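Below is one structure, written out as structure tokens; the observations come after it.
Note that these values count all heavy atoms, side chains included, but never hydrogens, waters or copies made by symmetry. Please read all numbers here as calculations on a predicted model, not as lab measurements.
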4 protein chains.
Amino acid sequence: MAETRTPDANRRSERSRRAIYDAALALVTEVGYTRTTIEGIAARAGVGKQTIYRWWPSKAAVLLEAFLDLVAAAEPANPADPAATTGPAEAAFPDTGDLEADLKTVLRASVDQLTDPRYEGPTRALTAAGIVDERVGAEFLVKLLDPGLRLYGERLRSAQATGDADPSIDPRIATELFVGPLLHRWLLRTLPLTHDYTDRLVEYALHGLRPRG
Amino acid sequence: MAETRTPDANRRSERSRRAIYDAALALVTEVGYTRTTIEGIAARAGVGKQTIYRWWPSKAAVLLEAFLDLVAAAEPANPADPAATTGPAEAAFPDTGDLEADLKTVLRASVDQLTDPRYEGPTRALTAAGIVDERVGAEFLVKLLDPGLRLYGERLRSAQATGDADPSIDPRIATELFVGPLLHRWLLRTLPLTHDYTDRLVEYALHGLRPRG
Amino acid sequence: MAETRTPDANRRSERSRRAIYDAALALVTEVGYTRTTIEGIAARAGVGKQTIYRWWPSKAAVLLEAFLDLVAAAEPANPADPAATTGPAEAAFPDTGDLEADLKTVLRASVDQLTDPRYEGPTRALTAAGIVDERVGAEFLVKLLDPGLRLYGERLRSAQATGDADPSIDPRIATELFVGPLLHRWLLRTLPLTHDYTDRLVEYALHGLRPRG
Amino acid sequence: MAETRTPDANRRSERSRRAIYDAALALVTEVGYTRTTIEGIAARAGVGKQTIYRWWPSKAAVLLEAFLDLVAAAEPANPADPAATTGPAEAAFPDTGDLEADLKTVLRASVDQLTDPRYEGPTRALTAAGIVDERVGAEFLVKLLDPGLRLYGERLRSAQATGDADPSIDPRIATELFVGPLLHRWLLRTLPLTHDYTDRLVEYALHGLRPRG
DNA sequence: TCATAAGCGAGACGGTACGTCCCGTCTTTAT
DNA sequence: ATAAAGACGGGACGTACCGTCTCGCTTATGA
């Protein structure tokens with residue numbers, strides 16, 4: 001009886017959805033996440049507040065979806081399966097046979113993306129929201145991050161198969177060895193993100209810190 | 001810069017300051033950061049709102065200071081120099097001569113701290129606030145994070161001196177090789193934080209992912 | 001004139017309006033005007049503060065309207081023209097042909113009203129507010145006072161026509177000869193308001209202070 | 001024991017008192033009564049807030065005293081008895097033998113005073129405060145108004161003695177016949193205050209409204 | 001085919017919190 | 001001891017948004 005009244009998605013206004021995405025992304029980059037309000041999004045989108053509340057449970061949810069849409073639009077569409085959106089950085093993880101080169105390529109792309117002004121605001125906002133709110137965090141992880149991280153794992157497993165990586169290592173932990181430091185530096189703004197930095201990161205992680213015999 | 005009427009710090013009520021710290025930390029752990037309000041802190045501390053606004057510019061600033069105080073109080077006071085507060089995890093970085101063991105010790109301590117229910121709430125809140133607000137982030141970094149990170153650097157340099165680490169590596173980047181993945185996992189809640197995880201992390205980072213010859 | 005976003009009066013909640021009237025009047029009589037706050041009215045009326053600020057510019061405006069409503073409700077409705085609200089004291093000014101008797105009747109009624117505990121508080125409050133704030137004063141005058149005063153003028157003109165009053169006198173000034181002293185005594189609390197007092201007032205004003213030849 | 005701690009008036013700073021008077025009067029005329037605050041007076045007077053609270057119970061009390069001082073200073077000092085301050089309008093009520101002329105003179109002076117920009121603000125403020133707060137009203141009446149009204153009474157009694165006024169009339173009610181309409185017009189801003197107006201007022205009151213036989 | 005029910009723009013509503021202004025009290029330092 | 005200064009606990013201000021609700025309007029079926 002207390003059904004939450006799921007609205008009819010068929011009748012949904014595509015025009016409104018788009019306008020809301022645009023408004024949300026624009027506001028976040030312009031005035032920041034906390035000063036972005038649902039009322040503000042609605043006003044800017046020329047939309048009633050209820051139209052937002054009808055389709056999304058929270059500000060974070062709106063922004064997440066808007067961002068997902070932005071990222072999907074930016075990606076070279078996969079003709080075989082357009083639904084197989086995989087994440088911002090690595091639509092497809094290269095496998096040239098040279099693990100080090102491939103990792104460097106991908107991490108450089110990640111740096112470029114995190115630096116892109118269109119992405120920086122929303123990404124920061126969503127990450128922060130996810131850190132504090134477990135629910136948002138989970139959705140953010142599953143929909144946006146995990147697909148990308150999974151590709152690292154696959155590439156590492158492939159490297160293990162070809163003997164380019166120690167077969168005893170856990171690919172998931174190894175993945176975080178690359179991604180963790182990058183995010184750390186970006187999130188906490190400790191030092192600038194450069195291609196040179198990620199290159200060295202890859203080298204350190206692959207060869208270890210021990211003196212090279 | 002329009003300095004706005006700095007109050008007289010001599011006349012400040014110590015009792016109020018303490019009450020505000022306590023209330024802020026309690027509320028953040030009880031109801032979370034976003035539902036912690038300045039009004040709520042004031043009410044719980046038995047303090048006028050203005051007393052908070054007089055001394056802090058924002059909710060985040062209150063919490064940061066309260067957390068700093070908590071951490072300082074928890075640390076084993078350094079008898080030689082009690083003012084030498086160094087940060088939450090590593091009041092003093094061990095140097096037993098065994099780099100790997102020392103790193104594992106410190107990272108295990110970090111895991112314990114990030115897992116401690118008294119610390120988790122505030123730390124998440126502050127990190128998130130810092131991600132979104134550059135000012136807060138900078139203060140958070142300088143006052144809380146950097147001191148700890150610096151110790152890693154010193155230990156690594158010491159290891160380079162004794163030949164336990166490659167002298168060509170950049171200690172700062174190397175530091176992030178340990179701390180980054182840890183924070184990544186904790187912030188994004190990808191997988192549980194365990195001592196076993198950090199042990200392997202240290203091993204991977206020191207020896208690299210390449211097959212061990 | 002920077003008209004600030006006029007709300008849609010059609011959608012206005014009648015229930016809220018009534019509750020606000022009631023709360024305002026009750027509070028003024030209970031705790032006095034200065035200790036009546038908008039916040040208090042809102043709380044007592046079970047209404048958001050914004051609902052008050054949306055429709056009234058000030059506490060005085062709320063009270064004025066509430067009082068106007070009270071007075072209109074209390075008046076014997078004029079069947080011929082229910083909209084012809086004329087003011088508190090004299091819905092219709094009697095004209096029995098005996099000017100002195102008519103004036104005494106009306107002034108006695110005024111005394112009764114100014115003495116009525118339901119009216120005294122609001123009336124004092126509004127008068128005081130109007131004395132200090134010209135805008136409030138003007139509205140108070142036009143909406144509440146003037147209609148009543150006008151009736152005096154008409155009755156006096158009628159008396160001039162029948163030869164009961166000197167045709168050379170200015171009815172407006174003459175009106176104030178009755179109303180002024182009454183208000184003076186009531187506002188400043190110099191001496192108690194009684195029917196006997198107003199009777200003598202009428203006599204003095206009609207016959208003058210000169211020795212009666 | 002709960003004595004309200006009456007301070008030692010001998011040690012009182014004359015300089016502060018004066019500064020407070022000046023500040024209070026200035027603020028009332030500049031920004032109005034309600035926007036005049038004790039804090040504002042203190043700041044403008046270069047005085048601690050406590051110095052005000054020590055000597056006066058309320059904002060109205062400060063203003064009343066300040067106004068009393070202003071009025072006393074403006075009056076032609078009575079050499080016989082400098083303490084015999086009698087009130088704003090009528091330091092001494094004229095008695096030329098011509099009642100009508102004397103009343104006109106005094107009322108014209110009252111008009112001038114109520115119109116004087118230095119007096120208007122404070123007088124309105126104090127009257128309004130007194131209307132709402134009975135205590136303030138009583139003090140205002142006794143200290144400022146009554147002395148003046150008493151003089152009317154005396155002059156009228158003198159007129160009764162010389163046969164210029166009906167001996168049966170109550171001088172107090174008769175006094176209000178002049179003062180009431182004047183204050184009514186001034187307080188409620190019904191019509192402008194002019195000398196012509198008060199002249200006619202005197203005539204009406206003395207001769208009555210009846211047709212002059 | 002046409003009523004009928006949905007989504008929609010708009011925005012009023014009961015609320016919560018904001019950051020500010022004062023209140024009246026209290027405490028500190030200087031005269 | 002009075003005074004200048006101003007921190008303090010507290011209450012109210014007027015504003016901004018929250019999330020819910022109701023209002024007409026339009027649009028798109030399904031009886």
Side-chain angles (χ1 to χ4, degrees), chain A residues 5 7-16 19 34-43 45-55 57-59, chain B residues 5 7-13 15-16 19 34-43 45-55 57-59, chain C residues 5 7-13 15-16 19 34-43 45-55 57-59, chain D residues 5 7-13 15-16 19 34-40 42-43 45-55 57-59:
Chain A
R5 285 269 299 107
D8 181 349
N10 292 345
R11 300 192 149 216
R12 185 167 183 182
S13 158
E14 190 54 26
R15 143 192 281 280
S16 294
T34 44
R35 302 228 300 279
T36 295
T37 65
I38 293 210
E39 245 171 41
I41 296 172
V47 141
K49 279 201 289 177
Q50 199 55 39
T51 302
I52 298 185
Y53 285 109
R54 189 162 17 239
W55 301 108
S58 69
K59 182 173 72 167
Chain B
R5 287 255 299 106
D8 181 348
N10 293 344
R11 307 207 135 191
R12 185 165 183 184
S13 160
R15 144 190 281 277
S16 295
T34 44
R35 299 219 316 267
T36 294
T37 65
I38 292 205
E39 215 152 72
I41 296 173
V47 142
K49 277 202 285 179
Q50 200 56 44
T51 300
I52 297 184
Y53 285 109
R54 188 159 22 234
W55 300 109
S58 69
K59 183 172 71 165
Chain C
R5 287 256 297 106
D8 181 346
N10 292 344
R11 307 207 137 192
R12 185 164 184 184
S13 159
R15 145 191 281 277
S16 294
T34 44
R35 301 221 311 269
T36 295
T37 65
I38 292 205
E39 214 152 71
I41 295 172
V47 142
K49 278 202 286 178
Q50 201 56 44
T51 300
I52 298 185
Y53 285 109
R54 185 155 28 232
W55 300 109
S58 69
K59 183 173 72 167
Chain D
R5 285 270 299 108
D8 182 348
N10 292 344
R11 301 194 150 218
R12 184 166 184 184
S13 158
R15 144 192 281 279
S16 294
T34 44
R35 301 228 300 279
T36 295
T37 66
I38 293 210
E39 238 165 51
V47 141
K49 279 201 289 178
Q50 199 55 39
T51 302
I52 297 184
Y53 284 110
R54 191 165 12 243
W55 301 108
S58 69
K59 181 172 72 167

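Remark: C1' of E:dG7 and CD of A:Glu14 are 14 Å apart, rounded to the nearest angstrom. The nearest whole Å value for the distance from the CD1 atom in D:Ile52 to the C1' atom in E:dG24 is 12 Å. The interatomic distance linking B:Arg15 (CZ) with E:dC26 (C1') rounds to 14 Å, in whole Å.
Taking the C1' atoms of five terminal pairs at each end of the helix from E:dT1-F:dA31 to E:dT31-F:dA1, the two resulting helix axes are inclined by 10°, rounded to 10°.
Contact check for A:Lys49 versus A:Ile52: no side-chain heavy atoms found under the 4.5 Å cut-off.
Residue-to-nucleotide proximity on DNA chain F shows that, of C:Gly40 and B:Gly46, the 5′-proximal contact is made by B:Gly46. Nearest-nucleotide mapping onto DNA chain E: of C:Gly48 and A:Ser13, the residue sitting toward the 5' end is A:Ser13. Across the interface with DNA chain F, nearest-nucleotide mapping of D:Ser16 and B:Glu39 shows D:Ser16 to be the residue nearer the 5′ end.
One distance of note links NZ of D:Lys59 with OG1 of D:Thr34; it measures 6.5 Å at 0.5 Å rounding.
Considering all non-hydrogen atoms of both residues, B:Val47 and B:Thr51 come closest at CG1-CB, 3.7 Å. Nearest heavy atoms, B:Pro7 versus B:Trp55: CG-CZ3, 3.4 Å. Shown here for A:Ala19 and A:Ala45, the closest heavy-atom pair between the two residues is O-CB, 3.5 Å.
Distances were taken from every side-chain heavy atom of B:Arg54 (C-beta onward) to each of E:dG14, F:dC8, F:dG14; the shortest belongs to F:dC8.
The shortest distance between the side-chain N/O atoms of A:Trp55 and the OP1/OP2 oxygens of E:dC8 is below 4.0 Å. Phosphate contact (OP1/OP2 of E:dA12, side-chain N/O of C:Thr51, threshold under 4.0 Å): absent.
The 12-atom threshold is not exceeded at CZ of B:Arg15, counting heavy atoms of other residues, nucleotides or ligands nearer than 6.0 Å.
Residue contacts for C:Arg12: at a heavy-atom cut-off of 4.0 Å it reaches the sugar-phosphate backbone alone, with no base atom in range.
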Inset, instruction - Mark up nucleotides 20-31 of chain F, 5' to 3', with B wherever a protein heavy atom is under 4.0 angstrom from a base atom, S wherever such an atom reaches only the sugar-phosphate, and - elsewhere. - result: BBBB----B---
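Annotation: side chain to side chain donor-acceptor pair (under 3.5 Å) contacts of D:Ser16 (sequence neighbours excluded): D:Ser13.
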